[in-house]
Amino acid sequence: MQINIKTSASNQAVVSALTQKLPGSAKENIIARVAFAYSLASGKRFAQNEFGIYDSQGKEYKDHILFDASYRDYYIALICQAYGINKNNELIPKYVKLHIDHGLEQIYYLFENRPQYTFFDFLMENLGKGIDAIEDAPVSLDAVKNNNQHIDKSSFAGPIDIKIGYDPDNNAQITFCFNNTKIYNNQHVAVAGKSGSGKSQFAYEFLRQLVIKSQGKVNFLFLDFKGISSEEQKKMEFFFKDTHAKCINAPIEPFPLNPLSFIDNINDVNKLMGINKFVDIIAKYSNIGKKQQQTLKDAVREAFIQHTGGDYPSLKNVYDLIIDHVGETRDTLTEIMGRLSEYELFASNVDNPSTFLNNNYYLSLAGDLDNAVRFTSVFLIINYIFNVFSNMGGTDVVDGYREMRYVLMIDEAHDLFREKKSLEILEVVLRKIRSFGVSVFLLSQGIAEYNTANFDFSQECETSFLLPINDMANTKAINKFLGLTQKDGITAIRNLEKLENGQAISNMKEYPKTKVFDVVQYYKEK
């Protein structure tokens with residue numbers, strides 16, 4: 001579809017007059033583009049009965065001159081969004097003409113009535129309005145763009161067959177290929193099992209085999225909410241050695257990640273969107289008000305200004321700038337940012353941004369950390385992972401197998417489910433990260449926790465494993481968790497009655513639904 005238009009006769013002179021106000025030897029198509037954008041930004045929308053309000057006897061613009069190939073799609077997209085129409089709609093050229101004529105009239109009126117007004121004044125005024133609109137817009141939970149991201153991440157293409165257990169009838173091995181797209185829509189896994197059921201040992205063995213089967217190319221982060229004691233850490237040394245994982249016991253040791261480094265530190269618009277996202281995460285988990293959010297936003301922006309050459313500010317840098325601003329005043333903002341800085345939960349400097357995602361970590365968050373710090377830290381990490389992989393883009397499906405990059409395993413996930421503020425971002429991550437070669441593995445003590453008021457997390461996990469739980473009588477929740485029909489549910493309940501610790505039933509495709517099997521346990525397999 002070609003967009004060849006002519007302005008109104010009266011606007012032909014306006015094009016020339018306004019072009020003369022532009023700097024340098026600007027061509028007349030520049031003012032047409034500015035007028036088009038100005039008109040749309042004003043909120044003006046035309047009805048079809050207004051198509052004839054401007055004649056077509058003025059300045060002529062051919063398609064390739066009006067919108068060159070580099071930017072044409074953007075201008076078309078603006079019209080499509082403004083009017084809710086498809087990019088092939090035949091009315092697009094008419095809307096383009098109307099907004100150019102309308103914009104020319106409005107801009108000319110500004111200059112006619114303000115003799116000292118320059119085009120530089122016009123640009124600064126309207127660019128400022130645009131930046132304010134970005135700042136005031138609701139923050140999306142989606143990933144923000146980072147065109148300056150320099151992270152290389154290994155991946156594994158091919159089947160990842162994990163031995164998941166044994167058939168108690170004949171001791172035959174049961175394998176689970178979670179990245180087989182021919183039978184699984186996503187690679188997310190939900191596991192429920194009470195304390196002592198074998199849930200954690202099952203998870204450890206899954207990760208051990210993942211490292212072996214993927215030749216170390218698929219990495220993982222194990223988030224442990226309950227914290228790990230020094231005695232438990234010593235007992236797990238074999239697991240850390242087998243999986244080449246480093247145990248980070250926060251806040252004793254900082255996590256090797258700067259949570260601000262998901263932000264684009266070059267492109268100003270992307271940077272502003274990233275700063276807004278960071279501020280929103282802090283606000284969600286610390287209940288800071290609008291004024292405090294603005295203080296935090298200003299401090300982060302100033303911290304980025306002070307760091308050049310590709311360096312990122314630390315949380316301590318941000319906190320110091322907040323203190324410079326508020327002086328002796330202490331409130332919820334200074335409290336949360338002070339504790340995040342004081343505990344040194346995150347590394348101040350990370351030499352190689354690729355290091356974190358190309359290694360395996362077991363992150364233990366001490367139980368004596370208050371909830372605001374624990375949850376804020378966790379979601380800064382989850383946001384970083386989500387944002388980085390989103391900017392990497394999707395992975396290929398090769399011969400029916402999703403190319404995998406990473407596994408995010410969250411133990412005691414019911415702690416997150418109890419926090420209403422965390423549900424939205426978890427939902428977005430589960431829905432949108434699946435095509436990026438990332439598997440989210442949720443471990444919880446029960447199944448009721450998965451089903452919140454607004455969202456059932458187990459439904460976003462393609463595969464579920466049910467070990468012994470305390471609430472075995474909740475048949476409705478069990479059927480939903482495993483995706484069972486009412487008929488299959490009756491059989492499942494009978495089998496659950498005889499389920500012992502170290503056993504499970506599952507909806508995995510490689511083994512009969514509802515049939516009991518012995519799940520692998522790391523300490524036994526080792």
*Taking only residues at least two apart or on different chains, which pairs with a member in residues 6-34 satisfy salt bridge (charged side-chain N to carboxylate O under 4.0 Å, His left out)?*
E28-K59, R33-D68

*For the residue pair L408 and L223, establish whether any side-chain heavy-atom pair is separated by less than 4.5 Å.*
yes

*asked:* Would you say S314 and N317 are linked by a side-chain donor-acceptor pair, where the criterion is simply a distance under 3.5 Å?
replied: yes

_Is there a side-chain contact between I76 and I3 in this structure, where contact means two heavy atoms from C-beta onward sitting under 4.5 Å apart?_
yes

*Going by atom types only, do Q292 and T332 share a side-chain donor-acceptor pair under 3.5 Å?*
yes

_Approximate separation, where rounding is to 0.5 Å, of I410 CD1 and S444 OG_ = 11.0 Å

_Is it the case that the ring center of Y38 lies less than 6.0 angstrom away from the ring center of F122?_
yes

*Indicate whether the side chain of K277 and that of N383 have a donor and an acceptor atom separated by less than 3.5 Å.*
yes

*Looking only at side chains, do T295 and D298 share a donor and an acceptor under 3.5 Å apart?*
no

*asked:* Taking the ring of F255 and the ring of F356, is the distance between their centroids below 6.0 Å?
replied: yes

*Listed partners of Y343 passing ring pair (Phe, Tyr, Trp, His ring centres under 6.0 Å), at least two apart*: none

*May I ask you to check whether over 12 heavy atoms, not counting those of Y108, lie within 6.0 Å of atom OH?*
no

*What residues, two or more places apart in sequence or in another chain, satisfy ring pair (Phe, Tyr, Trp, His ring centres under 6.0 Å) together with Y117?*
F111

_Which residues share a side-chain hydrogen bond (donor to acceptor under 3.5 Å, both in side chains) with D63, sequence neighbours left out_ = R72

_Would you say OH of Y109 has more than 12 non-hydrogen atoms from neighbouring residues, nucleotides or ligands within 6.0 angstrom?_
no

*In plain terms, say whether D142 and K432 are close enough for a salt bridge, that is, a side-chain N and a carboxylate O under 4.0 Å apart.*
yes

*Has K509 got more than 12 heavy atoms of other residues, nucleotides or ligands less than 6.0 Å from its NZ?*
yes

*Measure the OH-NZ distance between Y54 and K97 for me, rounded to the nearest 0.5 Å.*
8.5 Å

*May I have all residue pairs that pass salt bridge (charged side-chain N to carboxylate O under 4.0 Å, His left out) and include part of residues 320-329, sequence neighbours excluded?*
K316-D320

*Should N148 and N267 count as side-chain neighbours, where that means a heavy-atom distance under 4.5 Å?*
no

*asked:* Can you list everything that forms a side-chain hydrogen bond (donor to acceptor under 3.5 Å, both in side chains) with N146? Sequence neighbours excluded, please.
replied: none

*Measure the spacing between NZ of K217 and CD of E403 and express it to the nearest 0.5 Å.*
9.5 Å

_Heavy-atom check, side chain of K145 versus side chain of S390, under 4.5 Å_ = no

*Y361 ring center near F220 ring center (under 6.0 Å)*: no

*asked:* Is it true that, when you exclude Y83 itself, more than 12 heavy atoms of the residues, nucleotides or ligands shown sit nearer than 6.0 Å to its OH?
replied: yes

